[in-house]
2 protein chains.
Amino acid sequence: MVWIDIKDSTPIYEQIVNQFKNLIVRGALSTDEKIPSVRNLAMELSINPNTIQKAYAELERQGYIYTVKGRGNFVSPREELMEIKKSEIMEHIEAVAVEAEKSGVDINHLIDYLRSRNKSED
Amino acid sequence: MVWIDIKDSTPIYEQIVNQFKNLIVRGALSTDEKIPSVRNLAMELSINPNTIQKAYAELERQGYIYTVKGRGNFVSPREELMEIKKSEIMEHIEAVAVEAEKSGVDINHLIDYLRSRNKSED
DNA sequence: TTAAGTGTACTAGATGACATAGTACACATA
DNA sequence: TATGTGTACTATGTCATCTAGTACACTTAA
């Protein structure tokens, strides 16, 4: 389900966060589906439960999962997720736009790039 | 010229790198202009010279400045810089596009956003 | 030639984020 | 009641970052 890349300098808990975000957004995990328990996943990955705990807490903070004490962690409703993810992407595109402005790079270059990129994928 | 935000968790050397990149790209520092010496800037900011050294090494690695031993550090030629910066921005926009695809967000949303954003600034 | 300013390369130590190890407690369910 | 679950806590080790200090090679101006 998820794995760890020890050669990656990204903190383990962050790798886990990113992978679950991908799985959830891709639809590989469906709404209200239970994800592995803190202890189980820790065993499976041969890492400490505290690290999984930290990853799950972050996923909950960002709205990707919800927690029920004594029962486990579950995937948040799909509509909410799409909104969250869309907001994130819009923040990122805004950041790149600001970066381009500050550097004197024409926004139209970005638009053209996205447009040609979109076409070539049809 | 540059400053440090101790409340910012970003490493000091990275803050300095980012600020010089901004100054250079904005044109606040011109081609072949000398930037403060390692020791001077360290004194001014009340931090260790090694930290400035690390920042300057990174700036040189990224092509923003060039170093002449015994003389100091200087801003790279403007044309090269614009190319470097443009490449960086294109990498970023590509990353956002990939992110959008993976999440099922239509690239046209991004294009529309950039387009309306561009218009409203006229 | 000499002194001052410059980049560069070391070693040694402090601090904080990250991860591990172990324990304990509260809650839900079969 | 037993098991599985989330959660909280302390202690320890590792590593990146930063500081501190020293040393050397180079450039420039006096």
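Side-chain atoms are counted along with the backbone in the values below, which use heavy atoms only and exclude waters and symmetry mates. Each chain gets a letter, A, B and so on, in the order its sequence line appears, and its residues count up from 1.
- Look at CD1 on A/Ile52: it is 13 Å from C1' on D/dG6, rounded to the nearest Å.
- Picking from D/dC18, C/dA28, C/dT8 the nucleotide with the shortest atom distance to the side chain of B/Ile12 gives D/dC18.
- In terms of modelled atom types and a separation under 3.5 Å, the side chain of B/Arg26 and the main chain of A/Gly104 share no donor-acceptor contact.
- A/Ser103 contributes no side-chain N or O that, together with a main-chain N or O of B/Val25, makes up a donor-acceptor pair within less than 3.5 Å.
- Of the side-chain N and O atoms in B/Lys54, one or more sit less than 4.0 angstrom from OP1 or OP2 of D/dT17.
- As a whole-Å value, the separation of A/Glu58 CD from C/dA19 P is 13 Å.
- Between B/Pro11 and A/Gly70, the residue whose closest nucleotide on DNA chain D is further toward the 5' end is A/Gly70.
- Remark: B/Arg61 engages B/Glu58 in a salt bridge, criterion side-chain N to carboxylate O under 4.0 Å.
- For the OP1/OP2 pair of D/dC26 and a distance below 4.0 Å, the side-chain nitrogens and oxygens of B/Arg71 include no atom meeting the criterion.
- Considering only heavy atoms from C-beta on, B/Leu29 comes within 4.5 Å of B/Phe20 through its side chain.
- At a threshold of 4.0 angstrom between heavy atoms, the contacts of B/Asn50 include nucleobase atoms, whether or not backbone atoms are also involved.
- Atoms CG (B/Leu59) and P (C/dT8) sit 12 Å apart, rounded to a whole Å.
- Listed for the B/Glu99 side chain is no donor-acceptor partner under 3.5 Å among the backbone atoms of A/Ile89.
- One can place NZ of B/Lys69 at 14 Å from P of D/dT28, the figure rounded to the nearest angstrom.
- Rounded to an integer number of Å, the gap from CD1 of B/Ile16 to P of D/dT19 is 9 Å.
- With hydrogens and angles left out, the side chain of B/Asn48 and the base of D/dA20 share a donor-acceptor pair within 3.5 Å.
- Rounding to whole angstrom units, NZ of residue B/Lys34 and C1' of C/dG7 are separated by 10 Å.
- The shortest distance between the side-chain N/O atoms of A/Tyr13 and the OP1/OP2 oxygens of C/dC18 is below 4.0 Å.
- Taking for each of A/Thr10 and B/Glu60 the nucleotide of DNA chain C with the nearest heavy atom, the 5'-most of the two is the partner of B/Glu60.
- You'll find the side chain of A/Leu41 reaches within 4.5 Å of the side chain of A/Glu44, heavy atoms only.
- Atoms CG (A/Leu41) and P (D/dG6) sit 10 Å apart, rounded to a whole Å.
- Residue B/Ile47 has its side chain nearest to D/dT19 when only D/dG6, D/dT19, C/dG7 are considered.
- Listed pair A/Asn73 / D/dT5 fails the phosphate criterion, with no side-chain N or O lying under 4.0 Å from OP1 or OP2.
- A donor and an acceptor atom sit less than 3.5 Å apart, one in the side chain of A/Arg39 and one in the base of D/dG6.
- As rounded to whole Å, 16 Å separates atom P of C/dT6 from atom OH of B/Tyr66.
- For A/Ser37, counting side-chain heavy atoms from C-beta on, the closest listed nucleotide (C/dT20, D/dT5, C/dG7) is D/dT5.
- OP1 or OP2 of D/dT19 sits under 4.0 Å from a side-chain N or O of B/Thr51.
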